[in-house]
Amino acid sequence: MRAGLALVVVVVAVVVGDVGAALPRFAEAPEYRNGEGCPAAVEGAGVCDPGLVHIAMTLDAHYLRGSMAAIYSLLKHASCPESIFFHFLAAADGGEGGGGGVGELRTAVAASFPSLRFEIYPFRADAVTGLISASVRAALEAPLNYARNYLADLLPKCVPRAIYLDSDVLAVDDVRRLWETRLPAAAVVAAPEYCHANFSRYFTETFWSDPQLGDRVFAGRRRAPCYFNTGVMVIDLRRWRVGNYRRRIEVWMELQKEKRIYELGSLPPFLLVFAGEVEAVDHRWNQHGLGGDNVLGSCRPLHKGPVSLMHWSGKGKPWDRLDAGKPCPLDHTWKSYDLYIAEGDSSSASAPFALSSSALPAAAFSW
């Protein structure tokens, strides 16, 4: 059980250090403490403490508003929030358009979450820029989208596994349940699979018609290949390093530059390497597609079934639709975790009220 919320219900707006106009402003989030039954911290162990739950996310100025809401939701619903360690991957040069450098992002996160245990790892775009090919949406071509391929290289070697999450997610359940997912010896990645989706559409006719590619790529795998969304994954980092999976993904990206075997960004290389080898996780941990498709970003409801994590994958982001005055119904749920302080708003920000998973509709998801 959580020990409870800090007594101060109304928090003061945080103006982020020397960030100026580079980053938006955010309120200080309520503080949560471990309750009974949480693992005691090992003195001096730091990030190597075996009792920690490790969350990895990218961090940049453009998606910072989503990241802040995601962090807040994870802490609010965690049984042991002080036992969560966040690993943020940020562009070493501040990303496109400048601003939002590692130092500024660190200041912003620490200001809204003073007790948060986290580290930021600079990611050099030149590590992957030459491997990126054009995609159906320009945003999918950003180098930081590929940073998850390098998690095992960037995170400390003592971190055994990590939950990778996109910045447009919202947790409404205790993330420790996802952390405790069992990974059998044959698996490196665990994620919700969607075997009813048309797997073939993620690759081009060039791929399927090539006798050296197509079905031959997936032959001999544990199961038939299924689509999975890479925005929520449990990754065994030690097995990843041993199997040199970063290089396996890069090989497919290199082939894509030659033959154009897929249209999307960073997802297809993961499918090529892991589809049919993924350890399946309950769908409740990635109620994805809430951002609509990659072109229109239209409204979509939830999948049928219980909800532990909501994911606004697709073009439509809840903060953009809310600011435009055209929110989708589920965007209002996301708003309840939003720490953003609008420009010109000098008033104090109230601690957001978060809905429980039982309050969310179990509507059918429209593919």
Original post:
Do side-chain atoms of Ser167 reach the backbone of Ser67 as a donor and acceptor pair under 3.5 angstrom?
Top reply: no
Original post:
Taking it one step at a time, do Asp166 and Tyr164 satisfy side chain to side chain donor-acceptor pair (under 3.5 Å)?
Top reply: CA-CA 7 Å; Asp166 277 351; Tyr164 175 82; 3.3 Å; yes
**OP:** Please check if the side chain of Glu193 supplies one atom and the backbone of Pro225 the other of a donor-acceptor pair under 3.5 Å.
**Re:** no
Subject >> Evaluation steps, side chain to side chain contact (heavy atoms under 4.5 Å, CB included), between Phe85 and Val159 >> reply: CA-CA 10 Å; Phe85 196 104; Val159 177; over 6 Å; no
**OP:** Using a strict cut-off of less than 4.0 Å between a Lys/Arg side-chain nitrogen and an Asp/Glu carboxylate oxygen, indicate whether Arg106 and Glu119 qualify as a salt bridge.
**Re:** yes
Subject >> Derivation and outcome, side chain to side chain donor-acceptor pair (under 3.5 Å), residues Trp312 and Asp331 >> reply: CA-CA 9 Å; Trp312 276 260; Asp331 295 345; 2.9 Å; yes
Original post:
Any idea how Trp319 and Tyr63 line up, ring-wise: parallel (<30°), tilted (30 to 60°), or perpendicular (>60°)?
Top reply: perpendicular
Original post:
For the residue pair Tyr121 and His87, does the interplanar ring angle fall in the parallel (under 30°), tilted (30 to 60°) or perpendicular (over 60°) class?
Top reply: parallel
**OP:** For the pair Gln256 (side chain) and Tyr262 (backbone), establish whether a donor and an acceptor sit closer than 3.5 Å, ignoring hydrogens and angles.
**Re:** yes
Original post:
Taking all non-hydrogen atoms of both residues, which atom of Ala78 and which atom of Ile84 are closest, and how far apart?
Top reply: CB-CD1, 3.7 Å
Subject >> Pair Leu339-Phe113, side chain to side chain contact (heavy atoms under 4.5 Å, CB included): steps then yes or no >> reply: CA-CA 11 Å; Leu339 296 172; Phe113 303 98; 3.6 Å; yes
**OP:** Return the minimal non-hydrogen interatomic distance between Asn34 and Ser83, and the atom names on each side.
**Re:** ND2-OG, 3.1 Å
Original post:
Take atom NZ in Lys326; do more than 12 heavy atoms of anything else shown fall under 6.0 Å from it?
Top reply: no
Original post:
Quick one: does Arg222's side chain have a donor or acceptor within less than 3.5 Å of a partner on Ala187's backbone?
Top reply: no
**OP:** Return the minimal non-hydrogen interatomic distance between Tyr150 and Ala127, and the atom names on each side.
**Re:** OH-O, 3.3 Å
Original post:
Taking NZ, NE, NH1 and NH2 as the nitrogens, is one of them in Glu254 or Arg247 under 4.0 Å from a carboxylate oxygen of the other?
Top reply: yes
Original post:
Does a side-chain N-to-carboxylate-O contact under 4.0 Å join Arg124 and Asp126?
Top reply: yes
Original post:
Should Cys80 and Arg176 be marked as a side chain to side chain contact (heavy atoms under 4.5 Å, CB included) after you check the CA-CA gap, both sets of side-chain angles, and the distance that decides it?
Top reply: CA-CA 8 Å; Cys80 302; Arg176 183 171 285 274; 4.2 Å; yes
Subject >> Residues in side-chain contact (heavy atoms from CB on, under 4.5 Å) contact with Ser298, at least two apart in sequence or another chain >> reply: none
**OP:** Using the six-membered ring wherever Trp is involved, compare the ring planes of Phe199 and Tyr202 and label them parallel, tilted or perpendicular (cut-offs 30° and 60°).
**Re:** tilted
Original post:
Can you find a heavy atom in the side chain of Thr204 that is under 4.5 Å from one in the side chain of Glu263?
Top reply: yes
Original post:
Looking only at heavy atoms, which two atoms of Leu105 and Ile120 are closest? And how far apart?
Top reply: C-CD1, 4.0 Å
Subject >> Side chain Arg239, main chain Val188, donor-acceptor under 3.5 Å >> reply: no
**OP:** Kindly say whether Thr206 contributes a backbone atom to a donor-acceptor pair with the side chain of Arg260 at under 3.5 angstrom?
**Re:** no
Original post:
Between Ser308 and Arg177, does any side-chain donor sit less than 3.5 Å from a side-chain acceptor?
Top reply: no
**OP:** Would you please classify the geometry between the Trp208 ring and the Phe218 ring as parallel, tilted or perpendicular, with 30° and 60° separating the classes?
**Re:** tilted
Subject >> Verdict with supporting geometry, His54 and Arg161, side chain to side chain contact (heavy atoms under 4.5 Å, CB included) >> reply: CA-CA 7 Å; His54 296 275; Arg161 65 162 59 183; over 6 Å; no
Original post:
Relative to the ring of Phe274, is the ring of Phe228 parallel (under 30°), tilted (30 to 60°) or perpendicular (over 60°)?
Top reply: perpendicular
Original post:
Between the side chains of Asp173 and Trp285, does any donor sit under 3.5 Å from an acceptor?
Top reply: no
Subject >> Under 3.5 Å donor-acceptor, Arg246 side chain and Trp240 backbone >> reply: no
Original post:
What closest approach, in Å, do Leu290 and Met310 show between heavy atoms, and which atom pair accounts for it?
Top reply: CD1-CB, 3.8 Å
**OP:** Without swapping roles, check the side chain of Ser112 against the backbone of Ala27 for a donor-acceptor pair under 3.5 Å.
**Re:** yes
